[in-house]
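Working notes, structure below.
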There are 2 protein chains.
Amino acid sequence: MFEVKHRDGLARICSFETAHGTVETPAVMPVINPNKLVAPPKKLKEQFGAQIIITNSYVIKQSEELREKALKDGLHEMLDFDGPIMTDSGTFQAYVYGSVDTNPEEILKFQKDIGSDIITILDRFTEPEDNKELVEEKVRDTIQRAEDAVEEYGRSETHLSLPIQGSIFTELRKDAAEGISKLDAKAVYPIGGVVPLMEDYRFKDLAEVIIASKKGLGPKGPVHLFGAGHPMIFSLAVLLGCDMFDSSSYIKYARRGDFMFPTGTRKLEHTYEITCDCPSCNGRSVEDFRGMDEDERTKLIAEHNLRQMFIEIRRIKQAIRDGSLWELVERRCRSHPQLYEVYEILKKRWRFLELYEPRSRKSALMYTGRETLDRPAVKRVQRWIMNEYQPHFDEPTFLFKVNENEKPYNRHLMFEISEIFKRTEADLLLSTPIGPVPMELDEIYPIAQSIFPRGMRDEELVNEYLEKKGIDDLLVWDGIESLSSVENGSSGNLDVMRVKTVANYQFGKGAGEVLTDGQLRFVKNRKGRVKNVILDDEHILSVRHYDGFFTLKTEGAEILKDHFQAPYLRVKVDDDSAEFNRKGRNVFSKFVLNVDEDLRPGDEALIVDKNDNMVAVGRMFLAKDEILEYDTGMAVRVREGIEK
Amino acid sequence: MFEVKHRDGLARICSFETAHGTVETPAVMPVINPNKLVAPPKKLKEQFGAQIIITNSYVIKQSEELREKALKDGLHEMLDFDGPIMTDSGTFQAYVYGSVDTNPEEILKFQKDIGSDIITILDRFTEPEDNKELVEEKVRDTIQRAEDAVEEYGRSETHLSLPIQGSIFTELRKDAAEGISKLDAKAVYPIGGVVPLMEDYRFKDLAEVIIASKKGLGPKGPVHLFGAGHPMIFSLAVLLGCDMFDSSSYIKYARRGDFMFPTGTRKLEHTYEITCDCPSCNGRSVEDFRGMDEDERTKLIAEHNLRQMFIEIRRIKQAIRDGSLWELVERRCRSHPQLYEVYEILKKRWRFLELYEPRSRKSALMYTGRETLDRPAVKRVQRWIMNEYQPHFDEPTFLFKVNENEKPYNRHLMFEISEIFKRTEADLLLSTPIGPVPMELDEIYPIAQSIFPRGMRDEELVNEYLEKKGIDDLLVWDGIESLSSVENGSSGNLDVMRVKTVANYQFGKGAGEVLTDGQLRFVKNRKGRVKNVILDDEHILSVRHYDGFFTLKTEGAEILKDHFQAPYLRVKVDDDSAEFNRKGRNVFSKFVLNVDEDLRPGDEALIVDKNDNMVAVGRMFLAKDEILEYDTGMAVRVREGIEK
């Protein structure tokens, strides 16, 4: 039902089916006021690309005319829209007006009766001002109502919308999300009660709330950020794992003459230039907008605002497929200083984000400012070098201050490396923008696949490294004379060091040793770069040209399997699947029994059967908890099956 | 001829006249290939808003057919364009192909003959690889050719285009610009030889070259960044004082299937989503673009690219009028790490930028990252506090750690201030995101008119301040008990401190003392905020509600004039002007004899006649060197004339 098609960290392009068609997420749902259609839903679909809309069932129910029409003709006919429609329940009205004239059962049944595709329970809106006790009570009630709804409608065609409440208490949010996620239903998971946070620009709190909810929800989806309608925050929310947005703000803002942009809002009265070429804006001047009839202006600005939302969603999807969503978010967060505050949370919560973080991306990591250095992709490799990496020799360490425009660094240091290695086995250390990097790691993502400003270095981290590794015998490379004090000994070999270190980083401690334990030989390309690693005449590893990591050949995989005890590096499948995987077919989530918790999307995985017999080697597409959660979709892309 | 209409620092919205109409800058000139019109110039004007186009006279001259047509019908008829046309001379062809089949006289005469509105001399292209001697020679030749051109065409209707060369030698660029700027002609000033820098993303060098050229050129304009056609760098170039751009890249990129955006370029082959709603993109899918005929695709993408340029120019104009251009540049510079490197230059050259920097802006300063702290607007007030500000008392200094969302700070500290001032006269210091700020300055730009992330503080700067001012007796405010050790003495008055300190910052050392030397009285608004300052029953100052600075009443101005010797704070006008200014009419550049070098755009100025008699009080619109340079336009907006 909910299938991941593309992903980057927690961000994902997914699809799910409704009775009125497929929705591809991330998606923004225009809010339709059933009393006053500013833009006809049909037009939103045809001209703006809206896949799904949302309207308020409580507003319909309260109007005799609308209620009878909706009950008689159905919601889709009433709104003249043949795509999926989600309905809200009146929760927000209860928050704004204090109470509503309905109850959980009635409003749910009404939504079902008028033919809504996604029906929302009447949850209890948790406000930032609520004290903890009240929030606990509201969360309990909300979960209870969700349980009742699942009991009543859990087996129907209709999706349930089961909001997560909890105000700004992150533990309560997590608990609420866990409570909701346990329920077995075809559902959408809104994160509710966040409108006051967004209205007050409390984006830091918003980010914490999303993260806490995602922790509790796990990979369940689609996750809907209820009431989020400013394109400024879409990319951040998607980065943190949200899939859906809804917005009535496009109209509200338009009524005030406010043009929305992903970088903020601009009032017509402060507008001197029309900085947009969308069909509403193109060819129109500021004077045109000022001079026109108010209804016409509201309509045009509302359409402009909607288009900005849809475009931002498309930018986000493009960025997910590019692997550049972090860059987009880092730029967007500079739209307002209170959005910038979110960095603090991204930095603080990097360990959670790292669980979904691919070890490599399609496009280079681009520096946008010092905040880039706090990304999980950077922290992970920094930490590994600092805490896990073992220098190879007791001999001196040579330190090179490298240049950003000379990457991969080793290819610009070929003379220096060869001169050193003629005389001695030595560790070679690079002082880079992300701190110390052993030369052997200099071709892997993101070390080679990144662009930083030239001249950037983190020398403090280099010093920390030297101290931590107890390196006293440091020689800072400064031309060939740096070698004058070196005594001739055995000669070094960077290729061997590279295999050991990359394997240890990629597969875990000790992998480098077992994968080189024997007669080692390399197949190189014309430029002298290692393509294949041959151990005792068996091709065990290939080097991926685009990110410097290894792909496992079955012989290499067998070595790792012998070395590492189950469940490490394994994806365990049931017997039916094993048969197919042996033939080289991909592993589907449904048939997976267990996944090692250290495996990340994009990692090499050993596919094993119940008895830990290896049946195939492949590459993780999903994260562990996604595989275990989802019933549909590919989990591991198999590269080689192992016939019995 | 060249008139500044709006400005923000070195950035400006200007206009200049040509024989074929007015051009408003910043402007981008689409490059028209006379051999192959991808989009008809007429369409560019009508549908895209192109005010001016540029084409290559050498290319026309080399084609017999085009040459004869151009000579017979004129350039405007040949291109079917009735707006201004600038022509290039073949310099770039000489750079690309080594030589050209023309000479400086011939190509200039040809441009004149075919009726170009702006004719470019055949300057000598300086390349980044050229050695200094060669660059010197090329600069000399270029200046010589400019002199010859001015002699021949300086008094004609046609504008001359006189490029500044000098490669990456900033001193040579400055000298070249000075040499060119001395020539008395109706001219456009291209910064030439920068295409190789832009092609190699050497934006740091580019920024240095622009700054050096601007230093030499002074306020002359329009300044044209020759060959700059990527919208990614427009905002930076405008911030540094460039007015015009030209681009053939919109077509070149389109031929390769490259979509330009102000944040970078995206290849069609890597495009999964169309992230634009311009008339070329709206309603088209990636598949549509991939499937269409190549000519059609090139045309559509070229039009998209052009639209992106025009929109970015409009965004820049909007930002200049908003006072938010720095924010735009800080966001744009994160489009590529090598564009980010430009910050280093903006930081290094802040003293030059500060000469044009207004003391206040219409919109709040918005933090986009730590780079914001290096803006001239921030540095100026930081430096003044650190180096010029004198604490008032020997009594203790109270330090407050303030919150960003409680601004102006003093209004959230009214209780604390009143409790302190009941007991003692004390200095009140705020620890803010920009470092230490005396409480009395907390309502001026950018201290109150700024938004920073909450919780930001620069405590290092606070410590530096305490040491510098020799403050030992520091009490960090921590509730009312902070007062327990305070002995009761005289009571403090923040309003008096504010008048003194703001006046010293705004008008110079000693201003605060002379403006408060007598019987001081305040007129306050309903909220208790000072509106007017009355000294010995004379209304001397009013407080600007939006930025906390003073406007000078004539009585206040007289006090300052008596205190500060000429030419300080003065704009000296000739007798004809003086007559008019006494009647309250604005000061026009043409009639200004001298301007104090400390006056910045937006500053209060004393208008005096040749004998230093004050004739009016007003507010600077232009910078000093602009006033002295320009023959047209307003220099100072007069608020009060002083009748004899």
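Chain letters run A, B, ... following the sequence lines, proteins first and then strands; every chain starts at 1.
Within residues 304-317 of chain A, the residues having any heavy atom closer than 4.5 Å to a heavy atom of chain B are A/R307, A/I311, A/R314, A/R315, A/K317, listed by residue number. Of residues 276-284 of chain A, those residues with a non-hydrogen atom less than 4.5 Å from any non-hydrogen atom of chain B are, in numerical order, A/C276, A/D277, A/C278, A/P279, A/N282.
Contact annotation for A/Q318: both backbone and side-chain heavy atoms come within less than 4.5 Å of a heavy atom of chain B. Proximity to chain B involves both the backbone and the side chain of A/Y272, based on heavy atoms less than 4.5 angstrom apart. With a 4.5 Å cut-off on non-hydrogen atoms, A/R332 does not touch chain B at all. For A/S363, no part sits under 4.5 Å from any heavy atom of chain B, backbone or side chain.
Here the side chains of B/Q338 and A/R454 are in contact, with some heavy-atom distance below 4.5 Å. Residues A/R331 and B/R331 form no side-chain contact, since every pair of their non-hydrogen atoms from C-beta on lies 4.5 Å or further apart.
Across every non-hydrogen atom of B/Y340 and A/P453, the tightest pair is CD2-CG, 3.5 Å. Summarising the geometry of B/S335 relative to A/M366, their closest heavy-atom pair is O-CE, 4.2 Å, with the distance given to 0.1 Å.
For chain A, the option among B/H336, B/E327, B/E273 with the highest count of heavy-atom pairs below 4.5 Å is B/E273. Contact count versus chain B (heavy atoms, under 4.5 Å) is highest, among A/L339, A/I451, A/N405, for A/I451. Highest contact tally toward chain B, considering only A/E404, A/Q47, A/K204, A/R266, is held by A/R266 [criterion: heavy-atom pairs under 4.5 Å]. Between chain A and the options B/M456, B/R370, B/E344, heavy-atom pairs under 4.5 Å are most frequent for B/R370. Ranked by heavy-atom pairs under 4.5 Å with chain B, the list A/D322, A/T271, A/T368 is led by A/T368.
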Please test B/R334 against A/E330 for side chain to side chain contact (heavy atoms under 4.5 Å, CB included), starting from the C-alpha separation and ending with a verdict. CA-CA 9 Å; B/R334 299 176 199 278; A/E330 287 179 357; over 6 Å; no

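Dense packing is recorded around CZ of B/R290, with more than 12 heavy atoms of other residues, nucleotides or ligands lying under 6.0 Å away. Annotation for B/K267: atom NZ counts as buried by contact number, over 12 foreign heavy atoms lying within 6.0 Å. More than 12 non-hydrogen atoms from other residues, nucleotides or ligands lie less than 6.0 angstrom from NZ of B/K362. Within a 6.0 Å radius of NZ in B/K45, other residues, nucleotides and ligands contribute more than 12 heavy atoms.
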